[in-house]
Amino acid sequence: MAQYARNAAAVAVIRLRNPPVNALSLTVLQALEDGLKRADADPSVKAVMICGENGKFSAGADIQGFSSPKRQGIALGPLVSLIERSEKPVVAAIEGIALGGGLEVALGCHFRVAHVQARMGLPEVTIGLLPGAEGTQRLPRLIGVPAALDLITTGRHIPATEALKLGLVDEVVEENTVEAGIRLANKLIASVSLENVSSKENRELCKHARILTGCPAGQPLGPRRLSLKPIPRLPNMEAFLSEALVKVKKQARGCLAPELCFQAVKAATEQPFADGVQRERELFNILLTSGQAQALQYAFFAERAVQRWTTLSGASWKSASPQPIRRAAVIGLGTMGRGIVTSLVKANIPVVALEQDVEYLNTGRKAVMLLLEREAMKMGQDAQSLDFHNPARLQFTVDFDGLRDVDLVIEAVFENMALKKEIFKKLSGICKPGAFLCTNTSALNIDEIASATSHPQQVIGTHFFSPAHVMRLLEIIYGRHTSPAAIATAMQLAKAMKKVGVVVGNCFGFVGNRMMFPYVQQAVFLLEEGSRPENVDQVIEDFGFKIGPFRMSDLAGLDVGWRSRKGQGLTGASLPPGTPARQRHGRRYSPLPDLLCEQGRFGQKTGKGWYQYEKAGGRTARPDPWLHSFLSEYRDTHQIKTRFIDQEEILERCLFSLINEGFNILAEGIASGPEHLDVIYINGYGWPKHKGGPMFYASTVGLPRILAKLQKYSEAHPDVPELRPSAFLKKLVAAGNPPLKEWMSCSGSQSSKL
Ligand SMILES: CCCCCCCC(=O)CC(=O)SCCNC(=O)CCNC(=O)[C@H](O)C(C)(C)COP(=O)(O)OP(=O)(O)OC[C@H]1O[C@@H](n2cnc3c(N)ncnc32)[C@H](O)[C@@H]1OP(=O)(O)O
Ligand SMILES: NC(=O)C1=CN([C@@H]2O[C@H](COP(=O)(O)OP(=O)(O)OC[C@H]3O[C@@H](n4cnc5c(N)ncnc54)[C@H](O)[C@@H]3O)[C@@H](O)[C@H]2O)C=CC1
């Protein structure tokens, strides 16, 4: 709701109230409208001030409400117009946040005062929409087209100081914003009422008030009504807009909202306000029914739902308490350790960084310092807080004794079980008993690692993604003995590092990599049957992935998987003589990646892999004629008839096999709901957010279709168990293809947190 109050000085205060973020539900909007009408009808009220309860203006429209099929009632756009048309001055006092519809309400007000710590923005684009309450028409009139386009197409939140520079707010205060708003309202009352009084003294006062408010004589609010303002012209508006469109399209990667946001702002530059609003509405409705908005809003709530973690044994976020991490250690400063140290320093956690010898330590130190210097450059003035040259904040050592007083250790040494167990045994003897011992393994068994310690309840997997200081995902893996406090602490750590933690159970590859295996496997099988790497990558990238499986594997290094397959005895010296080239343990196997590695083709690092590069370490992938003839020879050798494989088959075999593994994971209780898998894929594997994650995508395709396709591919490839439909998928189809929220109740294990 919105609370209406009067104070003695003739200022009516309307306070938006809908905890926790004062979202503009229909009830709030109705109360806001009632408050405005009441203020208008009351002759003793001379000005209105709108603010929010609990130090927050408003986070905008109620996102939950968008998915409601029966959404009816007062619309926000007309309400913003109503505010603007008020004959009595209306002031917005912005504390905390003014986002989306919240900022649009403020744009309808005649004046805006913001607290110095407030943040503002129009983030609708991030949930697949555009600022549909006339924001795309008012904002460019206030701050100009370039700045408005930037805010509307990126959805970024800006601090009050930047808002002041842009002219988005009139005043920034450090003290009580509501009082500052009332003070401004009183000045405005003086300005208006003194207009009609002719004494010299009052005329002077009136002039003073006009300077304060910027309102010309006789027209106290006219120029403050943004709908009446012309768009600030640019000398080269057309050229600017066409360049901006190219940029927006490039960044959007198949997501509709940024381009439609652009179209709405463009309309503001070409049409009168009312027509621009009409266009904004049309574009908003296209987005609202596009499917992408639903996917992005699902992703928004999924990210919040995974914070409420539970384990198979019943431990949960409700009862577990995180322990404070005053000091942490990282072991191994290779690709991952460097990024992990950087993330910890950025989270203001003092770190001890340890390597196996001085040479590795020096290399690691240089790399960490370089990363931190770069981060500091990006942070500008705020970089001082990093203070990473201070040994109390960041210390490098080769001595395990330096780890005696740390509260948490993150191990990031080579992916080798024997080495990891040796390290954990050592840590168990050296660290204090309460210290949490985390491993960054990408697939190994957490319980086996924990078995090397005397307190396995303190051991947990914290799986970062490369580059660790950039990627938002932290997969948090609990073992059989991991304590709830360890899980809660890892989740808290993720938050401190501004990452999204997702709690999952222990199995080979956990959730993300386990689902990735069949996807990559299918991609390689497709090469055996007739595709080229660039065909497969193109289909996956057209779907919206940032990078296809072959470009990705060239980037990560083909040798990484090769080492792991050798370790598992799938290739290399330990392979029993007589093993068929394309079969392991009775299942289809492709030796193609092994053959490339044997040729020294490790990907970007060697300048050749699935593609060719300009040089070793080069970044530009070009199709490689050598590889094409190599594939032809390979098919001849193994008597595989090359066939044309269409885009649909490429997409379905790669994605449906990944989704199928997702259903197995859900059935086993490794993840407590589909939203966990989706958050992992969006934040760790570049799954296009506007497609909502693999399981959400499956729900939009329809489970019966996925099942039918898997059955078809499985029949064609009976030696590929990963294509055999999961029993849980079959169960869901038999249960009538229930909506995603109800899947887990069919599994009999857990329920959805969405
Ligand atoms: C047909 C209809 C026509 C309508 C006309 C168009 C109107 C428009 O132009 C459309 C809009 O306004 S769309 C909304 C735009 N606003 C946003 O995207 C802000 C989303 N919220 C945030 O960024 C952070 O929550 C925020 C920065 C606010 C706070 O972050 P925190 O990290 O402090 O807290 P969270 O955990 O994210 O949030 C706390 C709880 O609040 C829920 N929530 C947040 N924003 C919401 C919103 N706008 N609507 C509904 N619920 C919302 C959030 O889910 C969380 O709930 P719980 O998980 O249950 O605690
Ligand atoms: N590279 C990647 O993309 C990802 C790797 N991981 C996992 O992270 C871990 C580390 O991987 P990378 O950083 O890629 O490996 P890396 O080979 O780049 O670095 C490993 C580092 O550990 C150090 N090290 C080895 N033995 C040590 C010891 N006894 N004491 C101290 N330091 C020691 C090495 O000197 C080396 O600097 C592995 O478990 C890997 O599976 C997880 C996610 C992604």
Side-chain angles (χ1 to χ4, degrees), residues 18-26 29 56 58-66 68 71-73 75-77 79-80 96-105 119 121-136 155 157 280-281 284-285 287-288 293 296-297 300-301 303-305 307-308 330-340 353-357 359-361 363-364 367 398 400 410-417 419-420 422-423 426 439-444 461-468 471 473 475 495 512-513 555-557 560 563-564 684 753-754:
N18 183 14
V21 291
N22 301 327
L24 301 171
S25 62
L26 291 179
L29 295 186
K56 288 177 183 136
S58 166
D62 185 345
I63 306 174
Q64 293 277 17
F66 286 139
S68 151
R71 192 187 154 95
Q72 285 175 350
L76 184 55
L79 188 54
V80 175
I97 41 166
L99 299 174
L103 185 58
E104 289 174 300
V105 165
R119 285 182 299 135
L122 292 173
E124 286 86 343
V125 69
T126 62
I127 51 167
L129 296 172
L130 54 75
E134 307 178 357
T136 63
H157 300 179
E280 179 192 272
R281 259 178 222 154
F284 185 86
N285 284 331
L287 287 174
L288 198 62
L296 286 160
Q297 286 156 35
F300 175 86
F301 287 113
E303 199 172 294
R304 278 140 189 93
Q307 309 304 316
R308 301 187 275 275
V330 175
I331 306 184
L333 299 178
T335 310
M336 296 306 291
R338 297 162 188 188
I340 298 171
L354 184 141
E355 254 295 348
Q356 57 177 324
D357 64 31
E359 203 180 320
Y360 272 107
L361 186 73
T363 314
V398 289
F400 272 79
I410 301 173
E411 163 277 311
V413 303
F414 306 128
E415 185 79 337
N416 175 304
M417 181 56 92
L419 175 63
K420 295 212 189 254
E422 182 193 317
I423 301 254
K426 220 172 194 175
T439 171
N440 186 48
T441 174
S442 21
L444 299 177
T462 48
H463 183 202
F464 290 76
F465 288 71
S466 181
M471 297 296 286
L473 179 63
E475 217 178 15
K495 204 168 178 188
N513 285 344
L555 178 71
V560 179
R563 214 173 305 132
S564 157
K753 290 177 206 68
L754 280 170

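Remember, it's 1-based here, ligands and their atoms both numbered in the order they're listed.
- Among protein heavy atoms, atom 13 (O) of ligand 2 sits closest to Met336 N, 2.8 Å.
- Contact annotation: the side chain of Gln64 never approaches that of Gln297 to less than 4.5 Å [non-hydrogen atoms, C-beta and beyond].
- Proximity annotation for atom 37 (O) of ligand 1: of Gln64, Arg308, Glu104, Arg304, Arg304 comes nearest, heavy atoms only.
- Atom CG of Leu444 and atom NZ of Lys420 lie 6.5 Å apart (nearest 0.5 Å).
- Residue Asp62 touches ligand 1 through backbone and side chain together, judged by heavy-atom distances below 4.0 Å.
- Those atoms of ligand 2 that come under 4.0 Å of a heavy atom in His463, given as number and element, are 42 (C), 43 (C).
- Within the 4.0 Å heavy-atom criterion, neither part of Val560 lies near ligand 2.
- Rounding to the nearest 0.5 Å gives a distance of 8.5 Å between CG of Asn440 and CD of Glu415.
- Here the CZ atom belonging to Phe414 is positioned 7.5 Å from the CG atom belonging to Leu419, to the nearest 0.5 angstrom.
- Looking at Leu26 and Asp62, their side chains never come closer than 4.5 Å, going by heavy atoms from C-beta outward.
- With rounding to the nearest 0.5 Å, the separation of OG1 in Thr136 from CG in Leu130 is 6.0 Å.
- In terms of heavy-atom proximity, Ala23 sits nearest to Ser58 at CA-OG, 4.4 Å.
- Counting heavy atoms from C-beta on, the side chains of Ser466 and Thr335 come closer than 4.5 Å.
- Within the 4.0 Å heavy-atom criterion, neither part of Phe465 lies near ligand 2.
- Looking at Ala61 against ligand 1, both its backbone and its side chain come within 4.0 Å, counting heavy atoms.
- Atoms of ligand 2 lying under 4.0 Å from at least one heavy atom of Ile331, given by number and element, are 31 (C).
- Under a 4.0 Å heavy-atom criterion, Glu422 is not in contact with ligand 2.
- In terms of modelled atom types and a separation under 3.5 Å, the side chain of Glu355 and the main chain of Thr363 share no donor-acceptor contact.
- The shortest N or O to N or O distance between Leu76 and ligand 1 is not below 3.5 Å.
- Proximity of Ala556 to ligand 2 is not established, as no heavy-atom distance is less than 4.0 Å.
- Here Leu419 has side-chain heavy atoms under 4.0 Å from ligand 2, and that is the only part of it that gets that close.
- Heavy atoms only, all atoms of each residue included: Ala133 and Leu76 are closest at CB-CG, 3.6 Å.
- At a heavy-atom distance under 4.0 Å, no atom of Leu122 approaches ligand 1.
- The protein heavy-atom contact nearest to atom 36 (C) of ligand 2 is Glu355 OE2, 3.4 Å.
- An N or O contact shorter than 3.5 Å links Ala59 to ligand 1 by distance.
- Per-residue contacts place Lys420 under 4.0 angstrom from the following atoms of ligand 2 (heavy atoms of the residue considered): 38 (C), 39 (O).
- In this structure, Ala293 and Gly128 approach most closely via the heavy-atom pair CB-O, 3.7 Å.
- Panel note: side chain Glu475, backbone Gly512; a donor-acceptor pair is recorded below 3.5 Å.
- Considering both main-chain and side-chain atoms, Phe300 never comes within under 3.5 Å of ligand 1 through any nitrogen or oxygen pair.
- Residue contact annotation: Arg338 has no non-hydrogen atom under 4.0 Å from ligand 2.
- The main-chain N or O of Gly132 is never found under 3.5 Å from a side-chain atom of Glu124 such that the two would form a donor-acceptor pair.
- In terms of protein heavy atoms, atom 22 (O) of ligand 2 is closest to Val413 CA, 3.4 Å.
- Taking every heavy atom of Ser442 and a limit of under 4.0 angstrom, the matching atoms of ligand 2 come to 6 (N), 7 (C), 40 (C), 41 (O), 42 (C).
- Between the CG atom in Leu99 and the CG atom in Leu122 there is a gap of 8.5 Å [rounded to 0.5 Å].
- The protein atom (non-hydrogen) at minimum distance from atom 7 (C) of ligand 2 is Asn440 O, 3.2 Å.
- Put simply, the side chain of Glu280 gets close to the backbone of Glu134: a donor and an acceptor are under 3.5 Å apart.
- Remark: ligand 1 atoms within the under-4.0 Å shell around heavy atoms of Ala23 are 49 (N).
- By the 4.5 Å heavy-atom criterion applied to side chains, Tyr360 and Leu333 are not counted as neighbours.
- In this structure, of Gly100, Gly121, Pro123, the residue bringing a heavy atom nearest to atom 17 (C) of ligand 1 is Pro123.
- In terms of protein heavy-atom proximity, atom 19 (O) of ligand 2 is nearest to Gly334 CA, 3.2 Å.
- Proximity of Ile63 to Phe301: side-chain heavy atoms (C-beta onward) are separated by under 4.5 Å at one or more points.
- In terms of heavy-atom proximity, Met336 sits nearest to Phe464 at CE-O, 3.4 Å.
- Side chain of Asn22 to main chain of Lys56: a donor-acceptor pair is present (N/O by atom type, distance under 3.5 Å, no hydrogens or angles).
- Backbone and side-chain nitrogen or oxygen atoms of Glu411 are examined, and none is located within less than 3.5 angstrom of a nitrogen or oxygen of ligand 2.
- The Ile97 neighbourhood of ligand 1 comprises atoms 28 (C), with distances under 4.0 Å to a heavy atom of that residue.
- For atom 49 (N) of ligand 1, the choice among Ile63, Asn285, Thr126 with the nearest heavy atom turns out to be Ile63.
- Each of the following atoms of ligand 2 lies closer than 4.0 Å to a heavy atom of Thr441: 39 (O).
- The Gly60 neighbourhood of ligand 1 comprises atoms 12 (O), with distances under 4.0 Å to a heavy atom of that residue.
- Ala412 and Ile340 get closest at one heavy-atom pair: CB-CD1, 4.3 Å.
- Rounding to the nearest 0.5 Å gives a distance of 6.5 Å between NE2 of His157 and OG1 of Thr126.
- Of the heavy atoms in Leu24, none comes closer than 4.0 Å to ligand 1.
- Residue nearest to atom 39 (O) of ligand 2, selected from Gln356, Glu415, Glu475: Glu415 (by heavy-atom distance).
- Protein heavy atom closest to atom 43 (C) of ligand 2, with residue, atom name and distance, is Phe464 O, 3.2 Å.
- Contacts between Thr335 and ligand 2 below 4.0 angstrom, taking non-hydrogen atoms only, involve backbone and side chain alike.
- Residue-ligand proximity, Ile423 to ligand 2, at heavy-atom distances under 4.0 Å covers atoms 28 (C), 29 (N), 30 (N).
- Not a single heavy atom of Leu129 sits less than 4.0 Å from an atom of ligand 1.
- Counting only heavy atoms from C-beta outward, the side chains of His463 and Asn513 approach each other to under 4.5 Å.
- Look at Pro131 and you'll find a heavy atom under 4.0 Å from some atom of ligand 1.
- Atom 3 (O) of ligand 2 has as its closest protein heavy atom Ser466 CB, 3.4 Å.
- Atom 24 (N) of ligand 2 is flagged as protein-proximal [any protein heavy atom, distance under 4.0 Å].
- For a threshold of 3.5 Å applied to N or O pairs, the pair formed by Glu124 and ligand 1 contains at least one separation below that value.
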